[in-house]
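Read the structure below first, then the notes.
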Amino acid sequence: MSTGTSAKQAAGVAAAALVETGMRLGLGTGSTVAFFLEALAERVRSDGLEVIGVPTSEDTAQRATKLGIPVTTLEELPELDLVIDGADEVDPAFRLIKGGGGALLREKIVAACGKRIVIIVGEGKRVEKLGTTFLLPVEIVPFGAKATHAKVGAVGCQPYLRTLENGETFVTDNGNWILDCKFPYGIEDPEQLHRQLSETPGVVEVGVFLGLCHHVIEGRADGTASHHEQPATPA
Ligand code: 5RP
């Protein structure tokens, strides 16, 4: 098991310990969440925990179902007690970059329905400035993609259309495409950038998550995990 893997597992296991019986859960997407789902399934089996989850991707829906975690849709369950998801970067104000797995649109919709949002990460994802270690994913509709690509680039980044290893365009669960955007010096003003990109025709969702993280669990390679509560916003 690689160092990164055990740190992610530690975060996933620590998050499963937060779940209480009766909770309505938002189930994020990614390799860290996969560890959370395994640990949660173990608690369902051994502690008799009763939960129901709304998955943020087809991948998570399949994993959860295979593990015996009951799932439903946001239509059936529009209010969630606890959302557990991963992230690609977390800054000191708990602003996030998400979408490495391409599930940003559903992840943001589900997070917005959560009373409490817990982000689980392995080491190396807490950064001083967003956009310095990871490209910003932006989900766009295929129609007019070339024009949207140019408009997204005009905000001061280099967008790259996400492709699969075989060269085909990556398609999200919603039938859209992803532009992975490189900011040469990181993202100066995440709020302003979020506004600018959200107002760009053709952009469906932006991988900057603002005000959607209450608590961060950071796993470490030694199997331990630290908990960090959302910093108070300045008055
Ligand atoms: C998927 C995401 C993931 O949560 C994010 O990419 C982190 O993934 P991992 O846990 O595999 O490092 O936003 O869209």
Side-chain angles (χ1 to χ4, degrees), residues 1-16 25-40 53-64 74 80 82-91 94-114 117-127 130-140 160 162-164 170-182 187 190 194 197 203-221 225:
M1 188 180 280
S2 78
T3 302
T5 302
S6 48
K8 288 181 176 190
Q9 185 170 25
V13 169
L25 302 173
L27 306 175
T29 294
S31 54
T32 319
V33 167
F35 285 118
F36 162 70
L37 293 174
E38 282 175 20
L40 178 64
V54 174
T56 53
S57 61
E58 303 300 331
D59 180 67
T60 293
Q62 278 173 20
R63 280 178 196 275
L74 207 53
L80 303 167
L82 180 65
V83 176
I84 307 275
D85 204 348
D88 302 302
E89 286 186 347
V90 183
D91 84 356
F94 281 22
R95 296 176 294 193
L96 315 171
I97 283 186
K98 287 187 50 55
L104 63 152
L105 174 57
R106 295 190 189 186
E107 288 174 333
K108 201 178 268 188
I109 294 170
V110 168
C113 295
I117 305 158
V118 173
I119 294 298
I120 53 176
V121 293
E123 286 164 317
K125 297 221 178 170
R126 298 183 71 203
V127 296
L130 293 180
T132 47
T133 68
F134 205 84
L135 305 190
L136 173 69
V138 174
E139 184 160 347
I140 63 166
Y160 301 95
R162 191 179 294 186
T163 54
L164 299 169
F170 174 88
V171 179
T172 70
D173 285 348
N174 318 297
N176 296 318
W177 294 352
I178 301 263
L179 296 176
D180 288 304
C181 303
K182 185 175 173 57
I187 297 171
H194 185 267
L197 288 174
V203 168
V204 180
E205 195 50 88
V206 182
V208 174
F209 280 46
L210 303 169
L212 291 172
C213 173
H214 300 118
H215 190 101
V216 172
I217 302 179
E218 184 179 28
R220 298 194 200 87

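All figures in this text were calculated on a predicted structure; none of them were measured in a lab. We count ligands from 1, going down the list as the structure has it; atoms in each ligand are counted the same way. The first residue in the sequence is number 1, and the count goes up from there. When reading the values below, keep in mind they use all heavy atoms of this one structure, side chains included, and skip hydrogens, waters and symmetry mates.
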Ligand-side contact atoms (ligand 1) for residue partner G86, heavy atom cut-off under 4.0 Å: 4 (O)
From OG1 (T60) to CG (D173), nearest 0.5 Å: 9.0 Å
What atoms in ligand 1 come closer than 4.0 Å to a heavy atom of E107? 1 (C), 2 (C), 4 (O), 13 (O), 14 (O)
Is there side-chain contact between F94 and V90, with heavy atoms separated by less than 4.5 Å? yes
Need the ligand 1 atom indices (1-based, order shown) with element for anything under 4.0 Å from a heavy-atom of K8. 9 (P), 11 (O), 12 (O)
Hey, which of L130, L197, D88 is the one that makes side chain to side chain contact (heavy atoms under 4.5 Å, CB included) with L136? L197
Roughly how far, to the nearest 0.5 Å, is the CD atom of E218 from the CD1 atom of I120? 12.5 Å
Against V118, only a single residue in L82, V83, V216 fulfils side chain to side chain contact (heavy atoms under 4.5 Å, CB included); can you say which? L82
closest protein heavy atom to atom 4 (O) of ligand 1 is T29 O, 2.8 Å
D85 neighbourhood, listing ligand 1 atoms whose heavy-atom distance to it stays under 4.0 Å: 4 (O)
In the structure I gave you, are the side-chain heavy atoms of I119 and I117 within less than 4.5 Å of one another anywhere? yes
In the structure I gave you, are the side-chain heavy atoms of N176 and I140 within less than 4.5 Å of one another anywhere? no
May I ask you to list the atoms of ligand 1 that are less than 4.0 angstrom from any heavy atom of K125? 7 (C), 9 (P), 12 (O)
Give the residue, atom name and distance (to 0.1 Å) of the protein heavy atom nearest atom 10 (O) of ligand 1. T32 OG1, 2.5 Å
Using a 4.0 Å heavy-atom threshold (strictly under), name the region of A87 that reaches ligand 1: side chain, backbone, both or neither. backbone
Is it true that R106 and E58 make a salt bridge, defined as a side-chain N closer than 4.0 Å to a carboxylate O? yes
Just need the protein heavy atom nearest to atom 5 (C) of ligand 1, so name the residue and atom and give the distance. D88 OD1, 3.2 Å
Only heavy atoms of G99, strictly under 4.0 Å: list the atoms of ligand 1 that pass. 2 (C), 13 (O), 14 (O)
Which of the listed options, G30, G28, S31, holds the heavy atom that is closest to atom 11 (O) of ligand 1? S31
Can you list the ligand 1 atoms lying under 4.0 Å from a non-hydrogen atom of K98? 2 (C), 3 (C), 4 (O), 13 (O)
Sub-3.5 Å N/O-N/O distance, V33 and ligand 1: no
Quick one: closest heavy-atom pair of G100 and F134, and the distance? CA-CZ, 3.8 Å
Numbering as shown, the atoms of ligand 1 that approach G102 to under 4.0 Å (heavy-atom distance): 14 (O)
